[in-house]
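Below: the structure, in structure tokens.
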There are 2 protein chains.
Amino acid sequence: MTDTTTTWTIAQMADDYDVTHRALRHYEHLGLLAPDREGQRRIYHRRERTRLALILRGRRLGFSLEEIATILDMYDDQPGEVGQLRYLLSQIGDRRADLERRRRDIEDSLRELDELEQRCAEDVARLS
Amino acid sequence: MTDTTTTWTIAQMADDYDVTHRALRHYEHLGLLAPDREGQRRIYHRRERTRLALILRGRRLGFSLEEIATILDMYDDQPGEVGQLRYLLSQIGDRRADLERRRRDIEDSLRELDELEQRCAEDVARLS
DNA sequence: ATCCTGCTTGACGTTGACGCCAAGGTCAAG
DNA sequence: CTTGACCTTGGCGTCAACGTCAAGCAGGAT
């Protein structure tokens, strides 16, 4: 039941994902999105929506749009050739290492935040 | 035994943390670092090193230098006043929410990566 | 017919985070 | 006393990721 017929206009996309019209055009310019045209108008399908979601998650994680492009490419077309597949597997390894490093950074940050919060809470208790 | 006497030059800092001289000056310009002077020369103490480590971790996580500044401020000086403490606690909450969102994003990404890897591995097995 | 709304394509402007000189001070070594 | 290594302060350049006009098409409502 993954809907394949519904389409969206640029305004609906911008609205649904809380990005500007301009940003959508920018992503398209960089090849991250490739909406159809109906006459002049851009017309977005399901595929563009999942791609946009990936783009935005990438941005939240601090990836550059260029990095995001290569990530999208990874998911794009399963290559039929073994060499390509091996290459893709190595890329997956790289990405995973990157993400795991970020996760460690985040967990360290959260731990330090906890400490700080505890000290604060104690101070508040003492002072009131 | 946290050493409080050793100091470092800009070149040592740049070397130890693998950043450029220019970046260090930039961080100083924005108030993220505030090394002493010995005559003209910048002279970095332990404090600047821990700050720089926080800055770089922040950058890896995709925070802007401005956001990093507020984070550093949080850790800077424990305020003695209750109002300030409450404010700090609220900020800590904000940061934690942000970090936890990122962690979710990362874990989602890792899961999808796992799926993709599995599909790839299967394809390789089939083709060879 | 004209007006409004929503869209289009340029194209220049802006902000953040530095890179990259230029021009010169300082100090130990030769 | 000059050289070289290392440092200093400007200040212009650059790249990414859009923001912000400007000018214009297309189609339905008045």
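By convention in this document, chain letters (A, B, ...) are assigned in the order of the sequence lines, proteins followed by strands, and residues within each chain are numbered from 1. The structure presented is a predicted model; accordingly, all values stated were derived computationally and were not measured.
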Whole-Å distance between [N] [atom2] and [X] [atom1]?
| X | N | atom1 | atom2 | answer |
| --- | --- | --- | --- | --- |
| A:Asp15 | C:dC7 | CG | P | 10 Å |
| B:Ile55 | C:dA17 | CD1 | P | 11 Å |
| A:Glu38 | D:dG27 | CD | P | 11 Å |
| B:Gln12 | D:dA5 | CD | P | 18 Å |
| A:Tyr17 | D:dC18 | OH | C1' | 20 Å |
| B:His26 | D:dT9 | NE2 | P | 15 Å |
| A:Leu65 | D:dC15 | CG | P | 16 Å |
| B:Arg59 | C:dA17 | CZ | P | 6 Å |

Query - Nearest-nucleotide 5' precedence on DNA chain D, A:Thr20 against A:Gln40 - result: A:Thr20
Salt bridge flag under 4.0 Å for residues [X] and [Y]:
| X | Y | answer |
| --- | --- | --- |
| B:Asp98 | A:Arg60 | no |
| B:Arg111 | B:Asp114 | no |
| B:Arg57 | A:Glu112 | yes |
| A:Arg104 | A:Asp108 | no |

Candidate nucleotides [options], ranked by approach to the side chain of [X] - the nearest:
| X | options | result |
| --- | --- | --- |
| A:Arg37 | C:dC7, D:dC18, C:dT9 | C:dT9 |
| A:Ala23 | D:dT9, D:dC18, D:dC7 | D:dC18 |
| A:Arg22 | D:dC7, C:dG16, C:dA11 | C:dA11 |
| B:Arg25 | C:dT9, D:dG10, D:dG19 | D:dG10 |
| A:Ala11 | D:dG19, C:dG19, C:dC7 | C:dC7 |

Do the side-chain N or O atoms of [X] get closer than 4.0 angstrom to the phosphate oxygens (OP1, OP2) of [N]?
| X | N | answer |
| --- | --- | --- |
| A:Thr9 | C:dG6 | no |
| B:Tyr27 | C:dC18 | yes |
| A:Arg41 | C:dT9 | no |
| B:Arg42 | D:dC7 | no |

Query raised in the report: When rounded to the nearest 0.5 angstrom, what distance separates CG in A:Asp123 from CG in B:Leu85?
Result: 5.5 Å
Query raised in the report: When you match B:Phe63 and A:Tyr44 each to their closest nucleotide on DNA chain C, which lands nearer the 5' end?
Result: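 Mapping each residue to its closest nucleotide by heavy atoms, the 5'-most match is A:Tyr44.
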